[in-house]
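Atoms considered below: every heavy atom in the structure, side chains included; atoms not considered: hydrogens, waters and symmetry mates.
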Amino acid sequence: MEKNGQELKHPFINPNNEIKISELTDVHETIDFIIELFTKKNYETIIISGLNKAIKKVVLITEIIKSKIPGLHQINEINSLYKQNSIGVNNDEISNEIAMPRMSIKLTFIEPNEEEKNYLGYQRPLNMLEVNLINKYKNNINNEDYE
């Protein structure tokens, strides 16, 4: 996340209900923040997005949120963000465009329309059996003895 040119570790939500994730984002703090937005502040839709190496955190945060809050529809979008890059070489300035991968995941309680449901990036909500299996598996991993 960037605010006033600085990378932020702490989550915040912009007016478009989007939380931007950076490589420095604290995953646990962000998960707690999003859970509070859905459960205590009654948000119906949140968008989680990130660039480059932060994409893995976007996916991780999303999967944990879905395992903790049943009923969330998920719509994934992958695209590129283009940035102009200029460098000086032998008194000349060379400019090129850099493409950065970007992933944006919309989590929503609102039932998507048929077009959105047929979209390649759509994932239906987890049912309670799936949520219970995921949480059971996580508990088994946490309780294993690795000595």
Side-chain angles (χ1 to χ4, degrees), residues 1-89 92-113 115-127 130-144 146:
M1 286 178 266
E2 200 171 297
K3 191 173 183 181
N4 298 331
Q6 295 179 346
E7 290 272 338
L8 294 178
K9 293 180 185 178
H10 307 292
F12 71 95
I13 191 158
N14 70 22
N16 298 325
N17 285 11
E18 181 178 20
I19 298 171
K20 294 183 179 182
I21 305 299
S22 79
E23 289 182 64
L24 300 176
T25 298
D26 182 291
V27 171
H28 297 290
E29 189 176 334
T30 303
I31 290 167
D32 291 343
F33 179 71
I34 293 170
I35 288 172
E36 183 176 321
L37 291 176
F38 276 128
T39 61
K40 294 184 179 156
K41 300 201 177 191
N42 299 319
Y43 275 66
E44 292 183 315
T45 301
I46 292 175
I47 299 166
I48 306 167
S49 66
L51 299 170
N52 294 327
K53 293 178 181 177
I55 290 173
K56 62 186 173 193
K57 284 189 176 183
V58 170
V59 173
L60 175 64
I61 290 166
T62 299
E63 293 304 322
I64 293 170
I65 294 296
K66 283 184 66 177
S67 75
K68 293 185 176 288
I69 303 176
L72 287 170
H73 296 269
Q74 177 177 339
I75 302 171
N76 304 321
E77 185 178 322
I78 300 173
N79 55 27
S80 295
L81 185 67
Y82 295 93
K83 179 181 175 185
Q84 283 297 119
N85 188 31
S86 299
I87 56 171
V89 176
D92 290 328
E93 190 169 304
I94 299 173
S95 182
N96 64 342
E97 196 171 59
I98 298 173
M100 296 182 289
R102 178 181 183 272
M103 181 168 209
S104 175
I105 300 177
K106 178 181 179 180
L107 293 176
T108 184
F109 286 114
I110 300 169
E111 181 85 20
N113 62 37
E115 182 180 335
E116 288 175 315
K117 284 184 180 179
N118 291 324
Y119 179 67
L120 185 60
Y122 173 74
Q123 292 181 22
R124 65 170 174 70
L126 297 174
N127 62 42
E130 292 165 325
V131 169
N132 289 337
L133 286 172
I134 289 168
N135 289 322
K136 180 180 176 185
Y137 180 72
K138 284 191 308 191
N139 289 336
N140 287 343
I141 289 173
N142 291 336
N143 292 329
E144 285 183 6
Y146 290 102

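The ring pair (Phe, Tyr, Trp, His ring centres under 6.0 Å) analysis of residues 46-70, with sequence neighbours excluded, yields no pairs. Among residues at least two apart or in separate chains, side chain to side chain donor-acceptor pair (under 3.5 Å) pairs with a member in residues 31-45 are T45-T108.
Distance CG/L126 to CG/N132: 10.5 Å, rounded to 0.5 Å. Atom CG of N14 is separated from atom CG of N17 by 7.5 Å, given to the nearest 0.5 angstrom. Atoms CD and CD1, on E29 and I34 in that order, are 11.0 Å from each other to the nearest 0.5 Å. The CD1 atom of I35 lies 10.0 Å from the CD1 atom of I46; values are rounded to the nearest 0.5 Å. Atom-to-atom distance recorded for Y122:OH and H73:NE2 is 4.5 Å, nearest 0.5 angstrom. Note that CZ of R102 is 5.5 Å distant from CG of N79, once rounded to the nearest 0.5 Å.
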I69 and L107: CA distance, side-chain angles, deciding distance, side-chain contact (heavy atoms from CB on, under 4.5 Å) verdict: CA-CA 10 Å; I69 303 176; L107 293 176; over 6 Å; no

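Closest approach of D26 to H28, counting heavy atoms only: OD1-N, 3.1 Å. Closest approach of F109 to F38, counting heavy atoms only: CE1-CD2, 3.5 Å.
Heavy atoms of other residues, nucleotides or ligands lying less than 6.0 angstrom from CD1 of I98 number more than 12. Within a 6.0 Å sphere centred on CD of E115, other residues, nucleotides and ligands contribute 12 heavy atoms or fewer.
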For residues 47-63, run the donor-acceptor check on the side chains, cut-off 3.5 Å, and write out each pair with its distance to 0.1 Å, sequence neighbours left out.
from	atom 1	to	atom 2	distance (Å)
S49	OG	E18	OE2	2.5
K57	NZ	E23	O	2.7
K57	NZ	T25	O	2.7
T62	OG1	V58	O	2.8

